[in-house]
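Keep in mind it's a predicted model, so treat the numbers as computed, not measured. Sequential numbering from 1 along the given sequence is applied to the chain's residues. One-based numbering, in listed order, for ligands and for the atoms of each.
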Amino acid sequence: MNVLAVCLGNICRSPLAEGILAAKVKEANLDWHVDSAGTSGWHDGEKADKRSIAVAKERGVDIEYQRSRKFIVQDFDRFDLILVMDSSNYQNVINLARNESDREKVKILLNYTYPGQNRAVPDPYYEGGFGHVYDLIDTACTKIIELHA
Ligand code: 4NP
């Protein structure tokens, strides 16, 4: 399975989701490919936010290697599951979908923890709260592994 995590900037939340899910995939010996992207492209080529890198490092997950990139329509062909962090990301990605098959791939991440509630992973870029964001993503990724493994 190919999984893509998506947020706005691809520097705070989705890099954590990529790193956390990739670590769990490795631990579970699954043959999955995990990547991340941002809908905006504002931080193309940049490393993840220092605060995301630090919180991941504290928990033993390395995300230093990651570079921000923009979500593109071809990602619908390359990925089976597209995990968005909030309803704004959802709308931005759905707006690029070409058909029902594309639309079905897009899931709000926290619906794995809180089914049907469409809860958002809060954007920590301005407000902070990276530890809380890490925990929210971590719990949802555990559910994803349980569901699909
Ligand atoms: P992210 O957070 O979507 O979790 O990567 C943001 C990063 C950058 C900006 C907004 C949100 N920005 O406005 O540059």
Looking at Tyr114, is Arg119 sitting on its ring face, NZ or CZ under 6.0 Å from the six-membered ring centre and within 45 degrees of the normal?
yes
Count the heavy atoms belonging to other residues, nucleotides or ligands that lie under 6.0 Å from CD of Gln117, then report whether that count exceeds 12.
yes
A cation-pi test, strictly: NZ or CZ of Arg98 under 6.0 Å from the centre of the six-membered ring of Phe76 and no more than 45 degrees from its axis. Yes or no?
no
Do Asn89 and Thr39 have side-chain N/O donor and acceptor atoms under 3.5 Å apart?
no
May I ask you to say whether Asp44 pairs ionically with Lys70, meaning some side-chain N is under 4.0 Å from a carboxylate O?
no
Consider only side-chain heavy atoms of I, L, V, M, F, W and Y, link residues closer than 4.5 Å, and tell whether Leu4 and Leu30 are in one cluster.
no
Can you give me a line-by-line list of nitrogen or oxygen pairs between ligand 1 and the protein shorter than 3.5 Å?
residue	atom	partner	partner atom	Å
ligand 1	2 (O)	Asp123	OD1	3.1
ligand 1	3 (O)	Leu8	N	2.9
ligand 1	3 (O)	Gly9	N	2.8
ligand 1	3 (O)	Arg13	NH2	3.0
ligand 1	4 (O)	Arg13	N	2.9
ligand 1	4 (O)	Arg13	NE	2.8
ligand 1	5 (O)	Gly9	N	3.4
ligand 1	5 (O)	Asn10	N	3.3
ligand 1	5 (O)	Ile11	N	3.0
ligand 1	5 (O)	Cys12	N	2.9
ligand 1	13 (O)	Tyr126	OH	3.3
ligand 1	14 (O)	His43	NE2	2.7

